[in-house]
Structure formats: structure tokens, C-alpha cells
Amino acid sequence: NKLILAGDITTEVVKRIFKLYIEGYGYKAIASILTEDLIPPPRGDMYNRKSDAWSLQTVRAILKSKYYIGSTEQHKKENVAFKKKKKKIDKDNWIVVEKKHEGIISLKDYNLVQEIMKKRAKGYRRKGTIHLFSGFLVCGECGSNLQYMKGTYICRLYTNAGVKYCSRHAIKESLLLEILVQDIKELSHDKIKRQLILEEAKQTLFKTKTSSKNQLDEAIREQSKIERQLLNVYQDRLEGIITIEQYKTISKNFDDRKIFLEKKIRELEAATQEENNLQSNFNYLINEIENISHFDSLDRGMLEKLLEKIIVHEINKEKSIEIVYKF
């Protein structure tokens, strides 16, 4: 009762899809690449489909699936007796079994892809050529993204509305790349600075994790307390100590509180898991800095792993940049 690697081209295709997405390609672009390379789409032979074209929905489903990190997700749909179609189950109620089989995608790459998905969903995605810093640059004054124009990134609000609303904040891609490579090299070689970053990150993580853990424990304790109180109220009703109307009122209040707590517990469990992922990824990010320090250039994949955003300021025609790393 476990999934076994097919041992054919499909494994490398999945790895390639994740790699292309991290490098900046979107669902449609990846689908086009796979179609042009004559790679058969999933289930093509099974259903004898005439089309050999990949769809963006298939690419997106692969990128979101936990099967490729070794986990299974079940109970996504259920049969409805009085209808001829299946009903989708809320994601919170899926049955997820971790480490069920051998994974082909690392947890770090999977989490990175989910993070990129969220980031891209919030903002505008330029079609066509993938530019190195697109999506990372933010105007320090108006908060707009900077868009690529002939080797230079310029404030989108300035481009669309003019100088009345913001200034150009123009910065050349070549200069930005030079600054970032140099900054990463300094971070890598400066052991004292790196140690300070490590200690600060550990303290922040410890405080955040402790807070989330305490809140989670408190919510679980209150949930257990309500269960006991509900049982006591029910017993009082059976013994005639309270009326049916009183029981209904009291139990409804408890039920409402239970629903609130269940939602809160799910959110805190998700936050705790995210903090655990962040902690496990920290050393990985430091190692990435070490590796990148030996290169003279960066690519989109490296930036996605290390960079949160770059804020470009321009005050009285004086420019400055603020680099915000994920660590």
C-alpha cells in the first residue's frame, strides 16, 4: 500500500516542472515548453486522448500536489447518494499522511513553490520574457512594483500616471545585479555579520514559536474544558436540574465557542508548522549564500530562495535600495 517510482521519464518531467516554475516560468509557459518538447501529458495513453498538449491546469495541479514530496492526500471528494456527482471536501478535512512513500521533490523546493504561488497570485504577472528582478522590486514611496523597460526598472505608478504621482525610481538591471552579488558575497565572507543574523533569526523564531505554541496549548485546553462542560450540562438536563430551553441555550453557546476554537486550532497548527519549516530552512538559506558567493551572477531560482524584496527609494533625486532577505 505505497506508491512506487515509475522509473521512467515522468520523474524527470516533474522535477523539470518544479525547476522551471522556480526559475520564473508560469503555468502556461511551462505547458507550452513541455508540449513543444513532445512530452506526453499525464493520462494521455490511459484515456486515448488525441491531443498531446499540456494544459496549465495540469501543471498547476502537479505543482500543488504533495504526492511528489512523499505524502498522500485523500478524502478530497465524497459521493452524494441523491446526486450523480461527487461533492468536494473542504481542504481542512482532507486526510493527509506524511512520508507515505519516497519523494522526488525536496520539501524545501515544494514549500518554495507554494510561497511563489501565493506571491504571484497577489500581483501582476508580465507575459513573455522573464526578467531577473520582476516581482521583487518595490517603490519605496508609493509601494508600486517596478516594471522592466529596456534594461531598466521603473516605478509602475510613474509610468502609468506621471510625475504628479511618483518619480521614476529608475535603476538599471546590470547595476542592481552588481550590488546584490556584492552584498551576498559580503554576507557570506563576513562571519561576524553572519553570526549576528543567525542569532537574531533564532531569537525571533523562538519568540514566535513559543507564542504560537502557548496559544495552541491554551486553545486545546479550553476545547477539552468545553467538552466536559457540555457533558455536565447534558447530565443536568437528564436529571431535571435545568429545563430543555435552558439546555438548548447553554449548549448553543458552547457549540459556537467550539466552532471558533476548532478554527483557531487549525490556524495555530498551520502557523506552528510554517514556523518549523522556517527554522529548518534557515541553515539551508545560509548554505545557499555560501554557494552563491562563489558565482559572479544570479538567476531567478537563486533569487526566489534568498530574496523577499528590494525596496527602491528616491528622495530629492537621491536613490538608495533596501535589500530584504528571507532570513
Side-chain angles (χ1 to χ4, degrees), residues 1-3 57 60-101 103 107-108 110-111 113-115 117-119 121-122 202-282:
N1 294 324
K2 59 189 293 186
L3 295 179
Q57 290 84 2
R60 182 177 182 274
I62 288 173
L63 290 169
K64 289 183 72 67
S65 176
K66 285 190 173 182
Y67 283 109
Y68 304 113
I69 58 172
S71 301
T72 60
E73 295 174 320
Q74 299 171 325
H75 192 55
K76 294 182 178 181
K77 295 180 181 180
E78 67 180 7
N79 289 319
V80 181
F82 55 89
K83 292 183 180 179
K84 293 184 179 180
K85 61 180 182 179
K86 292 186 177 183
K87 181 181 71 174
K88 289 185 177 180
I89 303 298
D90 188 82
K91 192 170 183 178
D92 292 333
N93 295 320
W94 289 3
I95 300 173
V96 180
V97 182
E98 307 289 349
K99 299 180 180 178
K100 182 70 175 176
H101 53 270
L107 180 60
K108 296 180 180 67
Y110 177 82
N111 288 335
V113 164
Q114 308 316 302
E115 182 184 324
M117 280 183 175
K118 291 179 183 177
K119 183 174 71 175
K122 293 178 182 177
K202 283 182 177 178
Q203 289 178 18
T204 302
L205 281 170
F206 177 76
K207 290 177 183 177
T208 308
K209 284 184 68 177
T210 301
S211 175
S212 296
K213 182 67 166 57
N214 290 342
Q215 290 182 58
L216 179 59
D217 290 343
E218 184 179 346
I220 292 173
R221 283 196 297 270
E222 185 178 352
Q223 187 182 48
S224 299
K225 181 179 178 181
I226 287 175
E227 294 285 356
R228 292 194 300 271
Q229 289 173 328
L230 268 171
L231 187 60
N232 291 336
V233 170
Y234 180 69
Q235 190 65 35
D236 288 345
R237 169 68 198 106
L238 291 178
E239 295 175 3
I241 298 174
I242 60 175
T243 64
I244 294 177
E245 288 73 20
Q246 288 174 321
Y247 171 73
K248 287 181 178 179
T249 301
I250 296 171
S251 62
K252 185 182 184 306
N253 290 336
F254 280 139
D255 286 339
D256 291 343
R257 184 61 182 171
K258 271 183 64 180
I259 292 171
F260 170 79
L261 284 171
E262 286 168 359
K263 181 180 178 182
K264 185 177 181 181
I265 287 170
R266 287 197 299 269
E267 290 172 351
L268 286 169
E269 285 175 339
T272 302
Q273 183 59 50
E274 191 171 326
E275 287 150 14
N276 289 337
N277 291 340
L278 182 60
Q279 185 172 20
S280 65
N281 285 344
F282 182 78

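The structure presented is a predicted model; accordingly, all values stated were derived computationally and were not measured. We number each residue from 1, following the sequence as shown.
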Main-chain N/O of Ala61 paired to Ser65 side chain as donor or acceptor, under 3.5 Å: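 Judged by distance alone, no pair lies under 3.5 Å.
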Any donor-acceptor N/O pair, Tyr110 side chain to Leu63 backbone, under 3.5 Å: no
Heavy atoms from other residues, nucleotides or ligands near CD of Gln114 exceed 12 (cutoff 6.0 Å):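 Atom CD in Gln114 is packed in, count exceeds 12.
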Within 6.0 angstrom of Arg60 CZ, more than 12 heavy atoms from elsewhere: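 No, the 6.0 Å shell around CZ holds no more than 12 heavy atoms from other groups.
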Separation between [atom1] of [X] and [atom2] of [Y], rounded to the nearest 0.5 Å:
X	Y	atom1	atom2	answer
Leu216	Ile220	CG	CD1	4.0 Å
Gln235	Tyr247	CD	OH	11.0 Å
Asn232	Ile250	CG	CD1	11.0 Å
Leu230	Lys225	CG	NZ	12.5 Å

Partner residues of Glu222 under the side-chain hydrogen bond (donor to acceptor under 3.5 Å, both in side chains) criterion, sequence neighbours left out: Arg257
Arg266 side chain reached by Lys263 side chain, heavy atoms, under 4.5 Å: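 SC-SC contact between Lys263 and Arg266 confirmed.
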Sub-4.5 Å side-chain heavy-atom contact between Lys66 and Ile69: yes
Salt bridge Asp256-Lys252, side-chain N to carboxylate O under 4.0 Å: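 Result for this pair is yes, salt bridge flagged.
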Contacts of Asp255 that satisfy salt bridge (charged side-chain N to carboxylate O under 4.0 Å, His left out) - sequence neighbours left out: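 Residues passing salt bridge (charged side-chain N to carboxylate O under 4.0 Å, His left out) with Asp255: none at all.
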Derivation of the side-chain contact (heavy atoms from CB on, under 4.5 Å) call for Asp236 and Gln246: CA-CA 10 Å; Asp236 288 345; Gln246 288 174 321; over 6 Å; no
Heavy-atom closest contact (Gln229 atom, Phe254 atom, distance):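 The answer is OE1-CE2, 3.2 Å.
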